[in-house]
Amino acid sequence: MFKGIAASSGVAISKVYKLERPVLVVNPNFSDLETELKIFSESIEKTKVDIEKVKSKAVGRLSDDELAIFDAHLMVASDPEFIGQIEEQIRNGFSVSTAVENVKSMFVGMFEAMEDEYFRERAADIKDVTYRLLAHTLNVKIPDLSLIDEEVIIVAHDLTPSDTAQLDRQYVKGFATEIGGRTSHSAIMARSLEIPAVVGIKGVLENTNNDDVIILDALTGDVLINPENETIDLYRKKEVEYAEYRESLKQLISAESVTVDGHRVEIAGNIGNAKDVVAVLENGGDGVGLYRTEFLYMDATSLPSEEDQYNAYKAVLEAMGDKLVVIRTLDIGGDKELSYLKFPHELNPFLGYRALRLCLDRPDIFRTQLRALLRASVHGKLAIMFPMVATVNEFRAAKALLEDERKNLTEEGIAVSDQLQVGIMIEIPAAAVNARNLAKEADFFSIGTNDLIQYTMAADRMNQQVSYLYQPYNPSILSLIKMAIDGAHAEGKWCGMCGEMAGEELAVPVLLGLGLDEFSMSATSILAARKMVRSLNYQEMKDMANRALECGTQEEVLDIINGALSK
Ligand code: PEP
Ligand code: MG
């Protein structure tokens, strides 16, 4: 049995689909001209068929803009210049795979050197198409997640957020990866897709084969390969019980998030795209506490236009009606990259050029998003939130740009809501410590524990070896959370949390006791959190939280929480 981190709850039993991207090595041997040309023309045809297939699978799941990428790929595969150059190299005696590789390098180099962003994106298209093409010339099979059309559990070293975006829930019953943690973005996506996932399982890849039977217990983190029939029966039972438990939570969909002694909080959902709003509503969310807009940028092939963004934000605001929607401005960098935007190479990307830092440095990108948000503000109850604020000056600079765009829109005769709230994420310890001063200028806070914990403990959230330091219940983290909440309250502002800690059932009692006003989490966690809130006494939790703050270790804090719950 393997043990990993349960990253997205559920139990799944299915056969293994190993996601391994083979490294393609060119074969320099030239057989004869006719054969090499024939392999080439057949490979081009197979490549086109692949692209068509992937595209037809994606229709209905991806937007028209996202689908357009496949047309761009088909254009490359049919481009006479591209094909002609490869054929010429073959005629000059290069093997088919060498010719493909040479022409790829030539085109990619040429496009990457271009000033125009549009042409630079074409380099990514050429790389994509030639990877497929080269694989066909070498007769190597490459995996394609969007082509999966039978029930499987994916086993991989890691899944990128865009891999996760391709997964079709109908067939992909779960995934197991060697690396990652509860807060890695593929785990977060898995929760929003409601696919059970266990991550950080050392050795799982080399110990599984395609079509092995695998059990994924994403409640405990246990993973079993080729189990006995009795074990399968046991887990089938667990799968059914879990489904029943989920079903029983549904009676709380319209219930209030209120404690037994009448203290009310908000329990909202985190979303990664406009479609996720459906799950928040289905799970009775009191609002959207975090819309991670970077996925809008990551799923595109170029910077999304003001219009595209406006439409996405408007859709979410309209769907949520009079419920608050907190939209976070672009938080790119760290483990989230954009294929079409060059990032400087950094030794410590999580401590570097990311989120608000990048946006303040690239007002061209930032202003487009701010305009889209301001325009969308009239369609619902909007709050704009800036990520990775470290200083009051950064917040002022961001607000100044926002105000400038508000003025521009007003001059253009475009309406902007006057109810708009503007807040910040507290995810850098400096911001928590300076919360009182930040609260004087912000309408609200939302604590981002995924980053706050990594920065406080100086432990990379993606690094397995230091994952023992990812300690949400460490008294130092609780103290910073308290500083943020108290700072906000002292200035009459509200304080929420949108980091993964907010959705942990065990964290709810202590966060409630510390005075947190809003809990925002994956949609699938909302009802369990509401059930927990409704079982608690606020006054008792306040006392419990005070005792937790006196503790020296995370273990002592957990003992106090468990003690309070077992009463
Ligand atoms: C966080 O840091 O807690 C957070 C919610 O943001 P992200 O996980 O997107 O960095
Ligand atoms: Mg963060």
Side-chain angles (χ1 to χ4, degrees), residues 5 7-8 160-162 164-165 180-192 199 268-273 276 280 287-299 325-338 348-359 383-390 394 423-432 444-463 467 470-474 477-478 480-481 484-485 495-504 507 511 516 518-523 525:
I5 302 162
S8 174
T160 63
S162 60
T164 325
R182 258 193 78 76
T183 62
S184 57
H185 286 96
S186 50
I188 293 170
M189 294 276 281
R191 284 195 288 279
S192 76
V199 301
N270 291 349
I271 62 171
N273 62 50
D276 290 349
V280 174
V288 167
L290 168 66
Y291 177 178
R292 287 184 165 94
T293 58
E294 52 274 14
F295 291 111
L296 201 68
Y297 291 71
M298 288 162 72
D299 291 344
V325 174
V326 181
I327 304 187
R328 176 173 78 181
T329 59
L330 180 62
D331 182 2
I332 211 75
D335 64 334
K336 292 175 280 197
E337 292 185 352
L338 298 180
N348 292 302
F350 272 110
L351 298 182
Y353 186 64
R354 61 174 287 210
L356 188 61
R357 300 159 183 197
L358 182 148
C359 284
I384 296 178
M385 174 161 77
F386 300 121
M388 295 284 296
V389 174
E394 283 174 333
I424 59 181
M425 288 198 68
I426 302 287
E427 49 187 346
I428 296 180
F444 68 93
F445 289 159
S446 184
I447 305 172
T449 45
N450 307 344
D451 280 315
L452 185 65
I453 297 169
Q454 77 163 343
Y455 295 135
T456 305
M457 308 302 278
D460 186 339
R461 66 198 256 193
M462 307 290 287
N463 186 334
S467 63
Y470 181 80
Q471 296 186 359
Y473 303 93
N474 189 289
I477 302 298
L478 297 185
L480 288 171
I481 293 173
I485 297 172
C495 182
M497 178 181 285
C498 58
E500 295 306 305
M501 183 180 184
E504 282 188 23
L511 295 173
L516 195 73
E518 180 238 31
F519 298 66
S520 192
M521 58 196 67
S522 311
S525 304

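Below, all heavy atoms of this structure are taken into account, side chains as well, without hydrogens, waters or symmetry copies. Residues: numbered from 1 along the sequence shown. Remember, it's 1-based here, ligands and their atoms both numbered in the order they're listed.
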For Cys498, counting its heavy atoms only, list the atoms of ligand 1 lying under 4.0 Å from any of them. 5 (C)
List for me each residue that meets side-chain contact (heavy atoms from CB on, under 4.5 Å) alongside Leu338, sequence neighbours excluded, and say none if there are none. Tyr297, Met298, Ile332, Tyr340, Leu341, Phe343
Show all protein N/O/S atoms under 2.8 Å from the Mg ion (ligand 2), or state that there are none. Glu427 OE1, Asp451 OD2
Ligand 1 versus Ile447: contacting region, heavy-atom distance under 4.0 Å: neither
Between Arg357 (side chain) and Gly352 (backbone), is there a donor-acceptor pair under 3.5 Å? yes
Side chain, backbone, both or neither: the part of Met388 lying under 4.0 Å from ligand 1 by heavy atom: neither
Contact region, Glu500 to ligand 1, non-hydrogen atoms below 4.0 Å, reads neither
Where on Met497 is there a heavy atom closer than 4.0 Å to ligand 1, on the side chain, on the backbone, on both, or on neither? neither
Does Thr293 reach the main-chain N or O of Arg328 with its side chain, forming a donor-acceptor pair under 3.5 Å? yes
Run the side-chain hydrogen bond (donor to acceptor under 3.5 Å, both in side chains) test against Thr449 and tell me which residues pass, sequence neighbours left out. none
One finds that the ligand 1 atoms under 4.0 Å from a non-hydrogen atom of Glu427 are 1 (C), 2 (O), 6 (O)
Answer with yes or no whether Met425 contacts ligand 1, where contact means a heavy atom under 4.0 Å from a ligand atom. yes
Hey, is Lys336 touching ligand 1 through its side chain, its backbone, both or neither, going by heavy atoms under 4.0 Å? side chain
Which residues pass the side-chain contact (heavy atoms from CB on, under 4.5 Å) test with Ser8, not counting sequence neighbours? Ala190, Arg191, Ala197
Show the atoms of ligand 1 that are less than 4.0 angstrom away from any heavy atom in Arg461. 2 (O), 7 (P), 8 (O), 10 (O)
